[in-house]
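As structure tokens, the structure follows; a few thoughts come after it.
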2 protein chains.
Amino acid sequence: MVAERAGTSIATVSLVVNGKDRGRVSAPIATRVRDAVEELGYVVDHAASSLARGSGDLVVLIAPDLSNPFFAEVIRGVRDTVGDRFQLVLSVTERGAQPVAADVRRFERLRPAGILVDAPAAGEAMTATVPVVLLDAPGGSEAVNYDLSPGVHDLVRHLHEQGHRRVGYLDGTSRATTFGVRRELFEQACAAAGIAVSEVTARADLTVDAAASATEHVIEAWQEDGVTAVVAAADTLAYGVLRVAGQLGIAVPGHLAVAGFDDLPSSSVTAPALTSVALPGADLGRAAALRLLATLDGIAPESASLPTHLVRRASTGA
Amino acid sequence: MVAERAGTSIATVSLVVNGKDRGRVSAPIATRVRDAVEELGYVVDHAASSLARGSGDLVVLIAPDLSNPFFAEVIRGVRDTVGDRFQLVLSVTERGAQPVAADVRRFERLRPAGILVDAPAAGEAMTATVPVVLLDAPGGSEAVNYDLSPGVHDLVRHLHEQGHRRVGYLDGTSRATTFGVRRELFEQACAAAGIAVSEVTARADLTVDAAASATEHVIEAWQEDGVTAVVAAADTLAYGVLRVAGQLGIAVPGHLAVAGFDDLPSSSVTAPALTSVALPGADLGRAAALRLLATLDGIAPESASLPTHLVRRASTGA
DNA sequence: CTGAAAGCGCTTACAG
DNA sequence: CTGAAAGCGCTTACAG
């Protein structure tokens, strides 16, 4: 239709709308085509275009839980980076489960330009016929990760300075590898610093409610065990600890110091404000998108490891 | 490849993988095809399939702000309803802006089976070549909406019973129509009940921080104006009011009652627990998805209006 | 019950 | 600089 109206061929229209007309199509014809496109409100068919070209302009981001403010940040970083060149679409897994290989498979069918997978389940081989970049998947070679070491070491040193010698750890139930790494690094750093990690263990789903109820179950045991500080694997979990402490009248940080991971925006406004190992979500999204773009442009992506640092706030007496 | 391995034709394979083989393909051949599909890990190409068929199996949900727990609920409802029949993909607008017609246009290219638009900007004509269902867009005919009346009237009656005669209203800055409706209904109901709505107005983006800082600006004026209760257009906003009241030592509900809209999961656990007009997000998502499915099946969808009700909690002295 | 063939709307060598 | 033609991987009447 457009070709007919512009008095030219379909091939020429294709060149013009794809911006490949430089030096291939004369200016007057290109203008006629653009006018026709405008008047007809023509928009290239995505399916046909993807089919002919072999892949489309979609970038898929698969994440476990979009309602988590952390992922909102990641999404922002990805979007800012892929910009107008690609169309970003999101997919959430069922009930916050970690993305698995089958999720990638399902989106491969869409022939996206690339797939980003945030916090994939451990041990899943995320290979596809399109480029895949993993976010926050320690161990994967195709991944963009945080370097948790500096943040964790700062945290442990800070706790030590504040006089804590026995701490509790509230872990997540998530299958994401990053939680294993957080815990391991933390325990190693504690051992090195002469801080004992209580044998009383607790874990919860990544919600305030779940964390609160897990905390209720172990808080007495922690107290009896001489724990003076609790570190949670995520800020959301730490909020649960804060809530229970508040309800039980346990002074924070006086009787119990609390810290988390993520440094969510709301962590500066909890009561008391939460000390946290900052994992800049937008940076992660940006780095992952850059890596994907590099791959698509045929450039060997450099492996990215994003710095982390400790944000000291009132919950640990800072 | 699959056809070759199964010793049959491409057409037959197509019938089998699309489950259209009943009475058209013999059992042994169908089995051979399925085996071949299994062994080769074959998955139908979405682009080619969409192109040949005219439309695909994608359902697109465009929403302004996925990090809002309310939308997380909506998404859950949609997903539960579209199930395996369609592939749900999400799109977030830039910086939480209300979805506009251009967003719909952009996703039309994907040839989805249908498009769901949550909280679209007011006055946008959301027409497309594929079925579009609007969520929470009062006034639109293709929309699934809440019937806010019962909830708002219960709220006003409740405030009246608690002795409030002068209230403040904290509005959202969102362009979504629903906020206008909330305010209007509330003011009408107040007028009818003999409650004055303070002229001191405040509005904020839908975040706790923004609401808190907006509240800080007007709280004194409200107090001077004799306001004894504040109603916020969303629970997220009400959290900001609660925070400021807490910081200033204003007793809730003793000196100031607070209520919101949405009844987010976290509203039962704020301090104090928040009275709220419940807008069941999952129900909205479910109703919208059902409406889309009905349209796709050629059934005239019945217009849906979802009931709302008041959840009374401690923040208004309940 | 099965398969050859047209066609979905594009893109891209290729020939002119 | 321009256009005719092949082909992307499917689906679906249609003929057998």
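Heavy atoms only: backbone and side chains are in, while hydrogens, waters and symmetry mates are out. Throughout, protein chains are lettered first and strands after them, A, B, ... in sequence-line order, and every chain is numbered starting at 1.
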Set out, in order, the CA-CA distance, both residues' side-chain angles and the distance that settles side chain to side chain contact (heavy atoms under 4.5 Å, CB included) for B/Tyr146 and B/Val181, then state yes or no. CA-CA 10 Å; B/Tyr146 288 114; B/Val181 174; over 6 Å; no
Contact nearer the 5' end of DNA chain C, comparing B/Val25 with A/Ala47: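 Nearest-nucleotide comparison on DNA chain C picks B/Val25.
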My understanding is that a pair needs two contacts under 3.5 Å, Watson-Crick or G-U wobble. By that rule, which nucleotide pairs with C/dA13?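 When the pairing criteria are applied, nothing turns out to pair with C/dA13, so the answer is none.
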For C/dA4, which nucleotide is its Watson-Crick or G-U wobble mate, given both distances must be under 3.5 Å?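 Partner of C/dA4: none found under 3.5 Å.
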Smallest separation among heavy atoms of [X] and [Y], with atom names:
X        : Y        : value
A/Ala30  : A/Val25  : N-CG1, 3.9 Å
A/Val144 : A/Ala287 : CG1-CB, 3.6 Å
A/Pro99  : A/Ala119 : CD-O, 3.2 Å
B/Asn145 : B/Ala137 : ND2-N, 2.7 Å

Decide yes or no on side chain to side chain donor-acceptor pair (under 3.5 Å) for A/Arg182 and A/Thr178, but give the supporting numbers first. CA-CA 6 Å; A/Arg182 292 178 195 185; A/Thr178 179; 3.1 Å; yes
Indicate, with a heavy-atom threshold strictly under 4.0 Å, whether [X] touches base, sugar-phosphate, or nothing.
X       : answer
B/Ile29 : sugar-phosphate
A/Arg24 : base
A/Thr8  : sugar-phosphate

Mapping A/Arg111 and A/Ala27 onto DNA chain D by nearest heavy atom, which one lands closer to the 5' end?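 Looking at DNA chain D, the more 5' nearest nucleotide goes with A/Ala27.
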5' to 3' on DNA chain D, which nucleotides open and close the contacts with chain B (atom under 4.0 Å from a heavy atom)?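 Range of nucleotides within reach of chain B: D/dG9 to D/dT12.
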